[in-house]
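Reading through the structure tokens given below for one structure.
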Amino acid sequence: MINVQTLKVDESWSFAEVKRSETMYASHGYHKYPAKFIPQIVQRLMRQYSVPGDVVLDPFGGCGTTLIESKINGRIGISIDVNRVAGLITKAKMNAICPKLLGYSNKELLKRIKSYKDRKNYYRQAHLRLKYWFKWHHYNKLQLIYNCIRQEKNSIIQNFYLCCFSNILKNCSIWYSKSIKPMRDLEKKIEQPLVVFKRHLNYMTKMNEQYFRLLNSKGNIFENCKVLKGDARNLNLKNNSIDLIITSPPYVTSYEYADLHQLSTLWFGYTDDLTKIKKSFIGTSSRLRSRKNISSEMANQTVKAFLKKQKKLAKSIGNYYVDLEKCFREIHRILRTNKYLCLILGDTEYSKIKVPNTKVSIQIMQSIGFTVESVIKRRLSSKIFTPFRDKMGRFTDSSHNSKRNIYQYEYIVIAKK
Ligand SMILES: C[S@@+](CC[C@H](N)C(=O)[O-])C[C@H]1O[C@@H](n2cnc3c(N)ncnc32)[C@H](O)[C@@H]1O
């Protein structure tokens, strides 16, 4: 068994020299997304463990970094996520649009917004939760932009605009943007929604052109990729059908993805009750403990340690590991023999008790039949993702007095079926 604790950092995987702008090349920077990959890691793994034409899957696809890299590198990418907002973003990032056509559509969209006649008070009928987050005049301006986007007839371009709209919602609300939990900032200075929208649209339009040129130069513009809504515990894919999996599961009680994307989820009408969709996300906090056993001894020890101190958290962690095991079984089923799973994850801690996700995952994988060939330890760059949290659990920078360094390293587990 590889000893994760004594592993040395492999600096070549830290990508410390990579600038933030380079991690957002092509369509990678269209939308903010918690815990997204830097594309350089995905690209290196993909080139090492697959060849052009291979099918590459990310069953926790998020905003589609693996899929975009698949497309750029001539692989057939499949991105699956339970979060519909993730699907919308990934589709927008996947499709490079002819720059001329997009330029024309943008002008038409802005004309429609300028001349939009229906200026009623939409806020009055807004979802209560959206009223909580938006001031009425910002909400009404946003609804006007949204109505004009919906008039776009080309579905790919409409989706591109919806991605842009989704990305600006937090900025145009009183959401406290530095928190990992939904928190209001009543003092927040909010710019005019149309100004914010136009600025982000300009950025996305510029990056679309870069992406379009890149794909064209590689001959990959029509590369066949798929974005699916699905649950990693029960994948709708055939046995032995995938050549490579590059993925990163959510961490337990770290990001509540359903909460974090609630503005877009509610605005686009994906649900009117967030609690209903929360259950399909793994890693969320839960009150009921699953009765299923976990095959990893380390997982059982961790749950026991938490039971003494924090019962509720113990339940959430227990459920998380049960779910993780289901996901690994599915991944094993759909992966071809002799092919690889590259799992990127980190350990964490609560109340000074360690949550050793990496060791637990390795134990579960081995019990299912994977051979763990190597584990890479990489340093997280604080330029890209701050590993510090303050006493309230909010992300903070390294200068903060009460900082706690939670995520300093990450592990890449390379496992063969
Ligand atoms: C760490 S993020 C992945 C980010 C991704 N690597 C990227 O670069 O954008 C984990 C993702 O798992 C998704 N997720 C949570 N529960 C899931 C489930 N049961 N099935 C599939 N995806 C799930 C979340 O919505 C989230 O997008």
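Just so you know, ligand 1 is whichever comes first in the structure, and atom 1 is the first atom listed for that ligand.
- With L228, V82, I246, N83 as candidates, the residue nearest to atom 17 (C) of ligand 1 on a non-hydrogen basis is V82.
- Ligand 1 has no N or O atom lying under 3.5 Å from any N or O atom of P249, backbone or side chain.
- In this structure, K206 does not pair ionically with E209, as no charged nitrogen and carboxylate oxygen lie closer than 4.0 Å.
- Between K36 and ligand 1, a contact under 3.5 Å exists for no N or O pair.
- Residues F160 and Y30 place their aromatic rings such that the two centres sit under 6.0 Å apart.
- In this structure, the side chains of I78 and I80 come closer than 4.5 Å at one or more pairs of heavy atoms.
- For ligand 1, the polar-atom distance check against Y33 finds a nitrogen or oxygen pair separated by under 3.5 Å.
- The shortest N/O to N/O separation between P250 and ligand 1 does not fall below 3.5 Å.
- Across the listed options G61, S248, P39, G61 owns the non-hydrogen atom lying nearest to atom 5 (C) of ligand 1.
- In this structure, the side chains of L324 and N357 stay at 4.5 Å or more apart for every pair of heavy atoms.
- Two rings, from Y122 and Y139, have their centers 6.0 Å or more apart.
- Contacts with ligand 1 closer than 4.0 Å are made by side-chain heavy atoms of Y257 only, the backbone lying farther away.
- An N or O contact shorter than 3.5 Å is missing between F281 and ligand 1 by distance.
- Classified by interplanar angle (parallel below 30°, tilted 30° to 60°, perpendicular above 60°), the ring pair Y257/H261 is parallel.
- Of the candidates P34, G87, C63, C63 brings a heavy atom nearest to atom 9 (O) of ligand 1.
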